[in-house]
Amino acid sequence: MANFLASVRKERGLTQVELAQRLARPQPMISHIERGERRVDMLEFCEIAWAMELNPQDLFTRFSREVLPPEGRTCTADPK
């Protein structure tokens, strides 16, 4: 997730500082996320997507296609 979010941020032409400002959060938080030192929950993922002017569902779909291995792309209701 970390490298993916950094890549998308750069594609959108944003610096860490600009993204942090849009989120009203400190820049080091963005750095920690992008280095994999801090995880994001679903609400934060949505906020980050919106701050980059992206639809969270579209961004997650892209993540699942580009980053997750094929066997990790499906979810079951019962993990047994």
Side-chain angles (χ1 to χ4, degrees):
M1 177 70 72
N3 291 334
F4 174 75
L5 288 176
S7 175
V8 173
R9 174 185 56 77
K10 291 172 187 174
E11 285 175 13
R12 305 297 291 178
L14 295 169
T15 66
Q16 287 184 352
V17 170
E18 291 167 332
L19 181 57
Q21 288 172 340
R22 289 181 180 197
L23 292 165
R25 304 276 175 83
Q27 178 274 330
M29 184 192 97
I30 305 301
S31 178
H32 289 228
I33 291 169
E34 291 184 358
R35 289 193 318 249
E37 297 172 358
R38 184 182 186 286
R39 293 184 179 196
V40 296
D41 61 28
M42 287 306 295
L43 179 59
E44 289 174 319
F45 181 86
C46 291
E47 291 171 344
I48 290 169
W50 290 321
M52 293 191 289
E53 299 179 354
L54 295 168
N55 177 299
Q57 184 175 356
D58 293 342
L59 185 60
F60 190 79
T61 298
R62 179 178 166 188
F63 169 76
S64 69
R65 288 186 181 143
E66 293 180 14
V67 179
L68 294 180
E71 63 274 7
R73 293 182 186 160
T74 59
C75 297
T76 60
D78 186 6
K80 294 179 188 175

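Within 6.0 Å of the CZ atom in Arg39, the count of heavy atoms belonging to other residues, nucleotides or ligands does not exceed 12.
No continuous path of ILVMFWY side-chain contacts below 4.5 Å connects Val17 to Leu23, so the two sit in separate hydrophobic clusters. Hydrophobic cluster membership is shared by Val67 and Val8, with clusters built from Ile, Leu, Val, Met, Phe, Trp and Tyr side chains linked at under 4.5 angstrom.
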Item to check | Evaluation steps, side-chain contact (heavy atoms from CB on, under 4.5 Å), between Phe4 and Leu59 | outcome: CA-CA 10 Å; Phe4 174 75; Leu59 185 60; 3.7 Å; yes
Item to check | Check against side-chain contact (heavy atoms from CB on, under 4.5 Å), Arg12 and Leu19 | outcome: CA-CA 10 Å; Arg12 305 297 291 178; Leu19 181 57; over 6 Å; no
Next on the checklist: Apply side-chain contact (heavy atoms from CB on, under 4.5 Å) to residues Arg62 and Leu54 and explain how you reach the verdict.
Outcome noted: CA-CA 11 Å; Arg62 179 178 166 188; Leu54 295 168; 5.9 Å; no
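Separating the CD1 atom in Ile30 from the CD atom in Gln21 is a distance of 10.5 Å, to the nearest 0.5 Å. The line from CG of Leu43 to CD of Glu47 is 4.0 Å long, rounded to the nearest 0.5 Å. Interatomic distance, Cys46 SG to Phe60 CZ, rounded to the nearest 0.5 Å: 10.0 Å. Annotation: the span from Leu5 atom CG to Glu44 atom CD amounts to 11.0 Å, rounded to 0.5 Å. Put simply, CE on Met1 and CG on Leu68 are 8.0 Å apart, with the number rounded to the nearest 0.5 Å.
Pairing each heavy atom of Ala49 with each of Pro56, the nearest pair is CB-CA, 3.7 Å. Nearest approach of Arg9 to Leu14, heavy atoms of both residues: NH1-O, 2.7 Å.
Annotation: side-chain contact (heavy atoms from CB on, under 4.5 Å) contacts of Ser31 (sequence neighbours excluded): Gln16, Gln27, Arg35.
Every pair tested for side chain to side chain donor-acceptor pair (under 3.5 Å) that includes a residue from residues 50-60 fails, sequence neighbours excluded, so the list is empty.
Between the side chain of Arg38 and the backbone N or O of His32, no donor-acceptor pair lies under 3.5 Å.
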